[in-house]
Structures are given as structure tokens and as C-alpha cells.
Amino acid sequence: MTRKKILSALLLTICAISAHATSFNVRDYGAQGDGKTLDSPAINAAIEACAAQGGGTVTIPAGNYLCGSIRMKSDIELHLEPGSTIIATDERGAYDPSEEFGGPEYQDGGHTYFHNSLIWADGERNVSITGRGMIDGRGLTRHDTEKAGQVQGGSIGMGDKAIALKLCRNVLIRDITIYRGGHFAIIITGCDYATIDNVLIDTNRDGIDIDCCRFTTVSNCKINTPHDDALVLKSSYALKRPVITENILISNCTVTGFKLGTALDGTYVPEEVNWVCGRIKLGTESNGGYRNITITGCTCYYSSGLAFEEVDQGKMENIVVSNISMSHVHHYPIYITTGCRNRGPKERQEVSSARDIQINNLTADDCDPLSGIQITGMSGHPIENVRLSNIQIRYRGGMKEAVSRDYPELGTQYPEIAKFLGVCPAYGLFIRHVDGLQLSDVTLLVDSPDSRPCVIADDVRNVRMTNVYTPDGSHITAIKDENH
């Protein structure tokens, strides 16, 4: 054998040893993948072994892996190969107990506890969950069952969420599919530098929740959530202090509200619900607020629209939305509001606020007659500097009965139009307590005659309109600095 061939063989051997040292197959640690054996202990053993070697990839080959809690560690990539499925067991006690919170809980249990999840990490770095496999949360609860560290309603020992990451840095979740994700399919809280990309979610509650995070990107995801929110930014009190969610990019995502499972199997059966279905949302937990948020290139289909809700004494500012397509819109296409629910320590003196919000290049059709665009601040604390440009909304219309213009203020209520506010007195655009509103190239259309006015403005100052069209053919142009 020539020296060159000897060196090549040696190099191949070294590479093989190196690959073996950093790649850990869960079957080598006792995982069966038969859908009957509880495989989470074997998967956790593989993760521990990989972490002990300084990190690497834990591979889950094709098969069905019945699991309770899987504990992610720093510098670990959990890789689900094609044909692999992690199935959440309904076996009580297979999930880790909820951690102690040690303080007043101003947020729901799902935002407070993480360790009782199917896959979780707390305070880790370089955490990755990747691959073309699936997570099926069959045994996870979809209810918010916890209070003060205890599990109520007979759900003791049940798993709550599919993926829950807290206080982690440099997170990657890519290419996986999540079906029936429990209370949340993915929740990341207090995480920096997170990327969620090309993930398909078809679930029974929230899809993706980004809470108290910074420098996070969500891209190319398809999220079907017929009974709750699809893609949500929050800033809860889960870290025991107000923490702003900032520097977030959401791009090229699709949210829908089809019947559970029909996005996954491709039949796309519309779901008729009376609560929410789909939508991209900021809120409701908003103690820290939101800053520098970009949402672009997204599609909302058979779902609710955009909801930006600051009601817990935080600040919502520098929000830019562009290139949004909506069709068959449930409840409303755009909802921007502030309120004084103030779900936090009573000694806090801040007032919820919102300013500098731009929505450009948005089109929507078949919009629910319940409400048009709503932009509503609070008396004495208006929303400031909102700009809508290149907008076309086509409403279903058809409301024949009179609607009182004495529309309730949000006040301390939960910011949900359908549940607490009812039918809006304007089908096209309702604005109240706003200082600084620019409307340019806005077209409001209606398919069936509607008894309500298209636009109602109340306590609105510094309005500038250019090329605003309403269904009666009126054309409002170049109105500057008028009070309405």
C-alpha cells in the first residue's frame, strides 16, 4: 500500500471515529421504536452520553417512540430522521414534575412551568431540534391545568407542551412536524438568538409562542390552529419581572384555521369555531411589551387576522408589517388596542402604550361582518402614530339591523372583540383614542349592503388621508391635520 493510500485510510478511520463520537443513535441506548415501549429513558441516556462527550447529535431513526419528558442539554442536536415519530404518552408519571415557581403567578400555568413538557430545556445553550420526523403530542393535555405549582382537574403527571425552552441561548428548531402539540406546540421564554424555520404545525391550541425573547427569527413555517392562536409574541411575568420581547422577525409564514389534522393530511376542511382560529398576534400577556417587530410576507387563510394587544402596562412600539395576504378572515382583519387589564404587581405604575406602527401592502377578502379594522387606545392615553398604506379590505357585509354606536371601551377586560365587545358599529374602520393616523391608498369594499357606516372615528387627532376609497364611491384625499 502506498503512503498516500495509507494516509487516506487513516484519515477515513479518524473521521469515522470522530463521527461515532459525536453522533449517538438512541437505539444503541435501548430505544425500541415500537410505539409500545416507553423510550424516553433511553433517549435521555443518549442525550446524557452525548453531553458527557462535549456535545453532538442524538439521532432518532425511523420508528415510533413512545415518550414522556425528554431533557435537552447544551450543545445537543436532537435529530429526527425521516419516518421517526416521538409520541407523547398518556402514562401518568412519565413526565417530569413541574418546577417550583416561588412567587405570585400573574400568567397562566402554561407560561409558568416548563419541566412537565414532552421536550424541554432550562438554561441551556446551543439547543437544536431538527429533522424531517414528527412529534405527535397524542398524550398531552390541551388545557391550562396548573395553578400555584399544583396540577388541577385530575391531570396529575400529564405532559403539557410539546417543546418548551426557557432561558436558553442560540436555539434552532428546523424542519420538524408537530401534530397535536398540547397547550403549546412550541414555547420559548427568555431565549436569545432563536431560529424556528420550516416547521409544520397542526395542533389543538397555540402553535408557536415567543415570550420575553430577543433576536428571534420565525420563518417559512406553516401553522394550523383551529382553536387558538397560531403565531404569538408575548411578554409575560414568567421571569418574575417585566421583560420586553424585541428584535423579532417573522417572515414567509402561513397560518390557517382548518379542522385539526386536515392541514397535515392535505384535505383542508374548514373548522367552524366561535372563539379564534389561527392569527398572528402580539399579546395578551404584555407586561414587558414589544419593540422592533417585523412581520412580512405572510398568508392568513381561514383564520383571524392580525391582533396587536398591549394591556399589561408594557410598551408596544416600532412594529412594521408588510406584504400580507388574507382570505376568509374570522372576526377581524386588523386589531390594534391598548387596555388596562394590568395583569402584574399592583405596585407597578406604568400605563400600557402603543406607538409607531406601520402596516403596508395588505389585502384581505371575505372578512367577517363582526368587525372591520379596529384601532383603539384609552382615554387620555391614545395610540400614537399609526400608518396604514396600500391596504385593500373586502368585507362580507350583510348586517341589516341597527348597531348602537355606544361601543364599549376595553377597560380592564380581556382584549377579545367577539367575547367582550360584540358587533362593531363600523364595518370598515373603527378608530378611537388615536393621535396621529395616516391612511394612504386604502380601499374598503363590501360584498353585501350593510346598515352600519363604513368608518367611525372618535377622539382621533392629527389625521392625514390620501386616496381613501369607501363603498359608496366617496374619495377622500389630502386631508391634513384634521381632528375627527
Side-chain angles (χ1 to χ4, degrees), residues 192-197 208-221 223 229-235 244-255 278-284 286 288-300 303-310 314-326 329 332-338 352-364 373-377 382-393 415 429 431 434-443 462-468:
D192 289 352
Y193 296 108
T195 297
I196 302 173
D197 179 62
I208 300 174
D209 275 37
I210 310 295
D211 188 12
C212 302
C213 294
R214 302 180 299 175
F215 303 104
T216 294
T217 299
V218 181
S219 57
N220 306 310
C221 293
I223 310 168
D229 301 318
L231 211 172
V232 196
L233 304 185
K234 297 185 178 180
S235 58
I244 193 166
T245 292
E246 61 182 342
N247 305 320
I248 309 296
L249 171 62
I250 297 169
S251 66
N252 304 326
C253 292
T254 300
V255 303
R279 80 178 164 185
I280 300 171
K281 176 180 171 183
L282 277 59
T284 61
S286 48
Y290 314 94
R291 181 172 58 214
N292 300 340
I293 311 298
T294 300
I295 303 169
T296 187
C298 295
T299 298
C300 303
S303 70
S304 295
L306 303 172
F308 301 157
E309 305 167 349
E310 175 50 72
K315 299 179 184 298
M316 181 166 61
E317 57 189 23
N318 295 357
I319 314 297
V320 177
V321 180
S322 64
N323 302 326
I324 306 296
S325 175
M326 300 181 183
V329 181
Y332 50 77
I334 300 171
Y335 179 41
I336 304 171
T337 193
T338 56
S352 298
S353 65
R355 69 178 188 183
D356 303 335
I357 299 171
Q358 296 187 24
I359 302 177
N360 310 303
N361 300 331
L362 180 148
T363 183
I373 298 170
Q374 285 202 39
I375 306 172
T376 56
I383 293 176
E384 301 179 64
N385 301 329
V386 176
R387 180 177 180 179
L388 306 181
S389 62
N390 296 324
I391 307 289
Q392 178 172 295
I393 309 288
L429 173 63
I431 46 180
V434 176
D435 186 356
L437 176 66
Q438 294 186 50
L439 304 176
S440 61
D441 298 301
V442 174
T443 300
N462 299 316
V463 178
R464 179 173 297 180
M465 297 186 183
T466 305
N467 297 333
V468 177

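The first residue of the sequence shown is numbered 1, and numbering continues consecutively from there.
Checked against side chain to side chain donor-acceptor pair (under 3.5 Å), Thr376 has the following partners two or more places apart in sequence or in another chain: Thr337. Every residue meeting the ring pair (Phe, Tyr, Trp, His ring centres under 6.0 Å) condition with Tyr335, not counting sequence neighbours, appears here in chain and number order: Tyr332. Here Ala354 pairs with Met316, Thr338, Ile357, Ile383 under the side-chain contact (heavy atoms from CB on, under 4.5 Å) rule; sequence neighbours left out. Evaluation of the salt bridge (charged side-chain N to carboxylate O under 4.0 Å, His left out) rule for Glu246 yields Arg291 as partners, not counting sequence neighbours. Applying the side-chain contact (heavy atoms from CB on, under 4.5 Å) test to Asn252 and every residue at least two apart in sequence or in another chain returns Asn220. Checked against salt bridge (charged side-chain N to carboxylate O under 4.0 Å, His left out), Asp356 has no partners two or more places apart in sequence or in another chain. Remark: Asp211 pairs with no residue by the salt bridge (charged side-chain N to carboxylate O under 4.0 Å, His left out) rule, at least two apart or across chains. For Thr296, the side chain to side chain donor-acceptor pair (under 3.5 Å) partners at least two apart in sequence or on another chain are Ser322. For Ser286, the side-chain contact (heavy atoms from CB on, under 4.5 Å) partners are Ser235, Tyr290, Glu310, Val311, Asp312, not counting sequence neighbours. Applying the side chain to side chain donor-acceptor pair (under 3.5 Å) criterion to Glu309, with sequence neighbours excluded, gives no partner residue. Listed by chain and number, the residues in a side chain to side chain donor-acceptor pair (under 3.5 Å) with Ser251 amount to none (sequence neighbours excluded).
No hydrogens or angles considered: a donor-acceptor pair under 3.5 Å links the side chains of Asn462 and Asp435.
Annotation: side chain of Leu429 is not in contact with side chain of Val442 (no heavy-atom distance under 4.5 Å). Contact check for Ser325 versus Thr363: side-chain heavy atoms found under the 4.5 Å cut-off. Looking at heavy atoms from C-beta onward, Met326 lies in side-chain contact with Leu362 at the 4.5 angstrom threshold. Leu231 places none of its side-chain heavy atoms less than 4.5 Å from the side chain of Cys221. Residues Ile244 and Lys315 have side chains not in contact (no heavy-atom distance under 4.5 Å, counting atoms from C-beta outward). Looking only at side-chain heavy atoms (C-beta outward), Phe308 and Ile293 stay at 4.5 Å or farther from each other. Proximity of Ile375 to Leu388: side-chain heavy atoms (C-beta onward) are separated by under 4.5 Å at one or more points. Within the 4.5 Å cutoff, the side chain of Ile324 has no heavy atoms near those of the Ile280 side chain.
The structure places OG1 of Thr294 at 10.0 Å from CD of Gln358, a figure rounded to the nearest 0.5 Å. To the nearest 0.5 Å, the span separating CD on Gln374 from CD1 on Ile336 amounts to 10.5 Å. Atom CZ of residue Arg355 and atom CG of residue Asn385 lie 8.0 Å apart, to the nearest 0.5 angstrom. Atom CG of residue Asp229 and atom CG of residue Asp209 lie 7.5 Å apart, to the nearest 0.5 angstrom. We find the CG-CZ distance between Leu249 and Phe215 to be 12.5 Å, quoted to the nearest 0.5 Å. The CG atom of Asn323 lies 5.0 Å from the CG atom of Asn361; values are rounded to the nearest 0.5 Å.
In terms of heavy atoms, Met465 sits closest to Val468 at CB-CG2, 3.9 Å. The two residues Ile248 and Cys213 make their nearest non-hydrogen contact at CD1-O, 3.8 Å. Contact record, Gly278 with Ser303: CA-CB, 3.9 Å, taken as the closest heavy-atom pair.
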| query | Going through the distances and angles, do Val386 and Ile431 end up as a side chain to side chain contact (heavy atoms under 4.5 Å, CB included)? | reply | CA-CA 11 Å; Val386 176; Ile431 46 180; over 6 Å; no

| task | For Leu233 and Ile250, run side chain to side chain contact (heavy atoms under 4.5 Å, CB included): C-alpha distance rounded to whole Å, both residues' side-chain angles, the deciding distance at 0.1 Å, then the answer. | result | CA-CA 10 Å; Leu233 304 185; Ile250 297 169; 4.3 Å; yes

